[in-house]
Amino acid sequence: MQRSITTDHPKESCGLFGVYDVGTAASSIHRGLFAQQHRGQEGSGIVVSDGEKIRSIKGLGLIDEVFSGESLAQLPGHLGIGHVRYSTTGSDRIQNVQPLVVECVDGIWAVAHNGNLTNARKLRRMYQESGAIFQTSTDSEVLVHLLADPMYRSRPRRVARALHELEGAFSFLLMTKNCVMAARDPMGFRPLSIGRLNGGYVFASETCALAQTGAEYVRDVEPGELVVVDAAGLHSSRFAECPTDRLAQCVFELVYFARPDSRVFGYNAHEIRLQYGMRLAEEHPVDADIVISVPDSGNDAALGYSRGSGIPLDFGFIRNHYVGRTFIMPEQRDRASSVDMKLSVLPETVSGKRVVVVDDSIVRGTTCKRRVACLREAGASEIHVRVSCPPTANPCFYGIDLPTHEELVGAQMSVDEIREFIGADSLGYLSQEGLLSPFNNPEHFCAACFTGNYPSDVSHMKGKEALEASAPELALDP
Ligand code: AMP
């Protein structure tokens, strides 16, 4: 009999938080993850150590669903790492929830990853062919196999050498029973920052989590840097050379993903979005009565558009904060209906008005189309959609969950066709120059989802499907 097995390789854009000697590790990590819930809602986990024993709790769902006051009490220890996970359809398995905890010949390791490894399939296949068994379908697990590989087992260079084998986007937090490590890929795709709290150290994907735990921001983990914190303090080393002309910090973090109060790659997300809105008003002016945002992700750019154009800002949509991010719904149908649950129009604001509606991005176009229809139903006389980034026309292979070319409306249609599809009177996107204009070194950013210029070779990863079909059809002989 023949059976076929396929494995999915989810793309993940997640949040990390780690601590060393800041007091009770679990409660700090819980707070740090909570501040980063927007980076992942599918699952979360905390792993801590008291120097002797490593303990962990992981689960599917929001942080509040996974952890209660009592569960945190079961996690004594002064060091630890945590993870919130965001991934694509089909991968919401408990085994994939991080941090991954594994027992190697020299003890227990925990691993938490944000990003997407572009050579994970190759490494996975190599280890599988030599007999290794993988427990999860995440790309992150290849690091575990590299760490356990006898070839790399002469610590501390072992971790650096293992990291050196990886390609693509990664910010990692690792821990053993007595140390926490943080590393960022040589191109610096994903953020990772270092803070100080109560004399100890904190690591966070976003600085908003440092602020919310009372930690003071110290600096970012540098691209290609491995930071180790243990009883002797903080040590830094490099596991890779990082020429500045190869830096590829993800601009989409600043467009959409990061919380407005975070500093990412040295820039405050709110300030950047405000500038995008002002630039958008310059690039795509229109006569209108009010500017409204699609909350919350369009708020900052809408304010910028209003300031730039002099058109007053008003509240046109009211958001129900108890409905999750619509993007996470697997089915297009569910996505459309949950848009209705999430946002309602204030007819008192928009009725009879010429409305500029500002959103951060259009991906599939589903939500935007629905919002325009709602504004029409509520009596808006004209609807002018302004988007604070260029058309999203290319998939991301570095950890942002963007669909394939086929599903990206920006890849399939011209701007005017998109305008017609969403039913707007006019549509204006921020230009590619406008997108990079706020930065001192625009060449240090990856904007491949807009430009199609990928900063590394991704020819072997033609689409999400290619990533998700890691294992060949296997013929099993029972
Ligand atoms: P849609 O055009 O219907 O696919 O939805 C686009 C909306 O989803 C945008 O307004 C963003 O606020 C949000 N969005 C954009 N990119 C992502 C992403 N990678 N993950 C989750 N939500 C996103």
Side-chain angles (χ1 to χ4, degrees), residues 10-15 36-42 84-89 91 114-116 169 189-190 250-260 269 273 276-277 280 292-302 317 319 323-343 357-374 385-413 415 417-419 421-424 427 429-430 446-450 464:
K11 303 206 293 179
E12 297 173 42
S13 14
C14 309
Q36 298 182 99
Q37 183 79 83
H38 61 286
R39 293 187 73 86
Q41 303 95 33
E42 270 183 23
V84 285
R85 177 182 156 74
Y86 187 135
S87 78
T88 50
T89 315
S91 52
N114 173 206
N116 202 73
F189 282 100
R190 301 276 143 239
C250 170
V251 76
F252 204 70
E253 291 272 355
L254 286 156
V255 167
Y256 167 76
F257 209 58
R259 235 171 70 161
R273 291 170 195 168
Y276 285 163
L280 201 49
I292 65 169
S293 83
V294 177
D296 291 328
S297 49
N299 288 353
D300 316 72
F317 286 110
R319 178 168 169 191
V323 180
R325 281 192 176 193
T326 54
F327 212 83
I328 218 153
M329 306 281 174
E331 300 281 328
Q332 193 81 1
R333 192 168 22 89
D334 294 345
R335 207 175 278 127
S337 67
S338 87
V339 170
D340 291 342
M341 292 290 294
K342 188 162 134 182
L343 291 184
V357 52
V358 182
D359 203 350
D360 66 288
S361 57
I362 299 181
V363 179
R364 294 178 173 88
T366 332
T367 49
C368 194
K369 187 181 169 77
R370 189 75 204 116
R371 279 161 197 154
V372 171
C374 292
V385 175
R386 297 293 178 267
V387 185
S388 59
C389 68
T392 312
N394 304 281
C396 176
F397 301 114
Y398 306 114
I400 293 286
D401 175 21
L402 291 175
T404 55
H405 279 113
E406 289 68 38
E407 291 171 275
L408 283 168
V409 76
Q412 297 299 323
M413 297 183 198
V415 173
E417 286 168 339
I418 299 172
R419 182 201 59 72
F421 172 71
I422 62 176
L427 169 64
Y429 282 95
L430 186 68
C446 173
C449 52
F450 306 116
K464 191 165 70 186

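All of these numbers come straight from a predicted model, not from anything done at the bench. Counting starts at 1 for both ligands and their atoms, following the listed order.
Close N/O approach between Val363 and ligand 1 is found [any backbone or side-chain N/O within under 3.5 Å]. Checked against a 3.5 angstrom limit, the closest N/O atoms of Gly365 and ligand 1 fall inside it.
No side-chain donor-acceptor contact under 3.5 Å links Arg85 to the backbone of Gly40. Proximity of a side-chain donor or acceptor of Arg39 to a complementary backbone N or O of Cys14 within less than 3.5 Å is detected. A donor-acceptor pair is defined here as one N or O able to donate and one able to accept, closer than 3.5 Å; such a pair exists between the side chain of Gln41 and the backbone of Gln37.
For ligand 1 and Thr367, the ligand atoms under 4.0 Å from any heavy atom of the residue are 1 (P), 2 (O), 3 (O), 5 (O), 6 (C), 7 (C). Heavy-atom proximity to Asp359, at under 4.0 Å, picks out these atoms of ligand 1: 10 (O). Within ligand 1, counting atoms from 1 as listed, the ones closer than 4.0 Å to a heavy atom of Ile362 are 2 (O).
If you look at Asp360 next to ligand 1, the close heavy atoms, those under 4.0 Å, all belong to the side chain. Within the 4.0 Å heavy-atom criterion, the part of Ile400 lying near ligand 1 is the side chain and not the backbone.
Each of Asp300, Asn299, Asp359 was evaluated against Ser293; a single residue qualifies, Asn299, per the side-chain hydrogen bond (donor to acceptor under 3.5 Å, both in side chains) test.
To the nearest 0.5 Å, atoms OH (Tyr429) and CD1 (Ile362) are separated by 4.0 Å.
For the pair Asp360 and Arg273, the salt-bridge criterion is not met [side-chain N within less than 4.0 Å of a carboxylate O].
In this structure, Phe252 and Phe450 have tilted ring planes: the angle between them lies in the 30° to 60° band.
Residue nearest to atom 23 (C) of ligand 1, selected from Phe252, Tyr256, Tyr86: Tyr256 (by heavy-atom distance). Proximity annotation for atom 9 (C) of ligand 1: of Ser297, Cys396, Pro295, Ser361, Ser361 comes nearest, heavy atoms only.
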